[in-house]
Amino acid sequence: MLDIALKLLKEMTKHSYKAYIVGGFVRDHVLGIESNDIDITTNATPKEIKELFEDSCLPNDDYGSVIVLKKGVRFDITTFREEKDYEDHRKPGVIQYIDDLYPDLLRRDFVINTLCMDDNGNIIDYLGAQEDIDKGIIRTVGDARNKFTEDSLRILRAIRFATILDFELSEEVIEAIRETKEFVKDLSYTRKKEELDKIFNSPNRDKGIQLLLDFKLDEELELYNLDKVLGLDVASSIDIWSVLDVSPKYPFHKSELELKNNIHKAMDLNNLDPMALYTYGLYVNSCAGRMKGLDVKNITERYINLPIHSKEEVDISAETIMRLLDKEPGKYLKDIYDDVLREILYSRL
Ligand code: ATP
Ligand code: MG
């Protein structure tokens, strides 16, 4: 992956542009963590980038960054810029393209995210990122209060990085979050959910959840019951969402919503019970059972040993019931059918 990236940088420098890998990929690289998308920063304008990579650009005008696909690897290429006049504690009102890397680094969120790599694979570290990474500390680039007031997503990003990397927030960052946390209310629910999903999906999630609780960000984020999910054994973020009581404004895909609601219901059932297993299936019962400390192996075994797993396996038709009882069709058919199903599930029939 790195070799594909360096090749792409070389293609850009050959055309006399300055171009560097920046941010998460380089940070993760020095930490020995594999990461999938690569951010590139350059003095080439979006128009110039599109001309250069005509055949591999994705149509996208998000913030003036250009997405290029090379050998299945996704590159986000963004022009060096200064950002000013932030609106709604989120978006810069003015973006100005510039020719130098250094001022572009100053607009970034955290020192650990300012590490760059040139086309020879050399690390460029203008702001002391390597030292912060070695110490495992998250500091903002410049004044923390300003950074969080400009863009309150950075508050959630700070907690996300502290969680995923198991780093500590600097004293200044902690103080600034206390002072500016109310601004996270202004973020879109989509953005809030994206960051929370990343925190909830981390194996180190409890650290992030505890930080959210310590800062009382659960109130700003309208996440009720957050303390209840501490220490739970969960497989993915959806398990956590199913336990939380959250604002209905959080956007879930239809399939996510169904899963979340089913896990929520299965939490109140005995997940070893044949009817619960049949109705909600193995996955949902395993998620609920795991959070309650049940042995998933046990749940799986019980599920496999159910006499039936679907309606199609019940070998009786409405016609047969009607003939046996000598009755016309009616609501009673469903009652009998449900009864038969129950008797089979509990191995009495
Ligand atoms: P990851 O990709 O692992 O989520 P990342 O640090 O690469 O983490 P991205 O969202 O991909 O995060 O952003 C790339 C880089 O852009 C960051 O490393 C950081 O330098 C800068 N950046 C991203 N979001 C912000 C922000 N809200 N404010 C300031 N700089 C940002
Ligand atoms: Mg990234």
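Counting convention: from 1, in listed order, for ligands and their atoms alike.
For the pair Asp28 and ligand 1, the shortest N or O to N or O distance does not fall below 3.5 Å. Considering both main-chain and side-chain atoms, Gly24 comes within under 3.5 Å of ligand 1 through a nitrogen or oxygen pair.
The shell of residues lying under 4.0 angstrom from ligand 1, judged by heavy atoms, includes Phe161.
Residues Tyr250 and Leu221 form a side-chain contact, since some pair of their non-hydrogen atoms from C-beta on lies under 4.5 Å apart.
Here the protein heavy atom with the shortest distance to atom 3 (O) of ligand 1 is Arg27 NH2, 3.2 Å. In terms of protein heavy atoms, atom 10 (O) of ligand 1 is closest to Arg157 NH1, 3.0 Å. Of the protein's heavy atoms, Asp109 N, 3.1 Å lies nearest to atom 30 (N) of ligand 1. From the protein, the heavy atom lying nearest to atom 2 (O) of ligand 1 is Asp37 OD1, 3.9 Å. Of all protein heavy atoms, the one closest to atom 27 (N) of ligand 1 is Asp151 OD2, 2.8 Å. Protein heavy atom in closest approach to atom 4 (O) of ligand 1: Arg160 NH1, 2.6 Å. At the shortest separation from atom 21 (C) of ligand 1 among protein heavy atoms lies Arg108 NH1, 3.4 Å. Atom 14 (C) of ligand 1 has Asp39 OD2, 3.2 Å as its closest protein atom, hydrogens excluded (heavy atom only).
Judged by the 6.0 Å and 45° rule, Lys265 forms no cation-pi pair with Tyr280. Relative to the six-membered ring of Tyr189, Lys192 meets both conditions, a distance below 6.0 Å and an angle of at most 45° to the axis. Remark: Lys91 fails to qualify as a cation-pi partner of Tyr86 under the 6.0 Å distance and 45° angle criteria applied to the six-membered ring.
Contacts between Tyr86 and ligand 1 below 4.0 angstrom, taking non-hydrogen atoms only, are absent altogether. Contact annotation: for Lys147 versus ligand 1, there are no heavy atoms closer than 4.0 Å. For Glu194, no heavy-atom contact with ligand 1 is shorter than 4.0 Å.
Atoms of ligand 1 lying under 4.0 Å from any heavy atom of Arg154, numbered from 1 in the order shown and given with element: 26 (C), 27 (N), 28 (N), 29 (C). Close approach of ligand 1 to Arg107 (heavy-atom distance below 4.0 Å) involves ligand atoms 29 (C). Close approach of ligand 1 to Gly23 is summarised as follows: ligand atoms under 4.0 Å from at least one heavy atom of the residue are 18 (O).
Lys10 contributes a side-chain N or O that, together with a main-chain N or O of Asp119, makes up a donor-acceptor pair within less than 3.5 Å. Panel note: side chain Lys292, backbone Met267; a donor-acceptor pair is recorded below 3.5 Å. Remark: side-chain polar atoms of Lys181 are paired, donor with acceptor, to backbone N or O of Phe215 under 3.5 angstrom.
Residues Leu106 and Val141 come closest through the heavy atom pair O-CG1, 3.6 Å.
Asp118 and Asn122 share a donor-acceptor pair across their side chains, judged by distance under 3.5 Å alone.
Rounding to the nearest 0.5 Å gives a distance of 6.0 Å between CG of Asp39 and CG of Asp37.
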**OP:** Decide side chain to side chain donor-acceptor pair (under 3.5 Å) for Tyr346 and Asp273; before the verdict, give the C-alpha distance in whole Å, the side-chain angles of both, and the deciding distance to 0.1 Å.
**Re:** CA-CA 9 Å; Tyr346 289 96; Asp273 175 68; 2.8 Å; yes
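Nearest N/O/S atom of Asp39 with respect to the Mg ion (ligand 2) is recorded as OD2.
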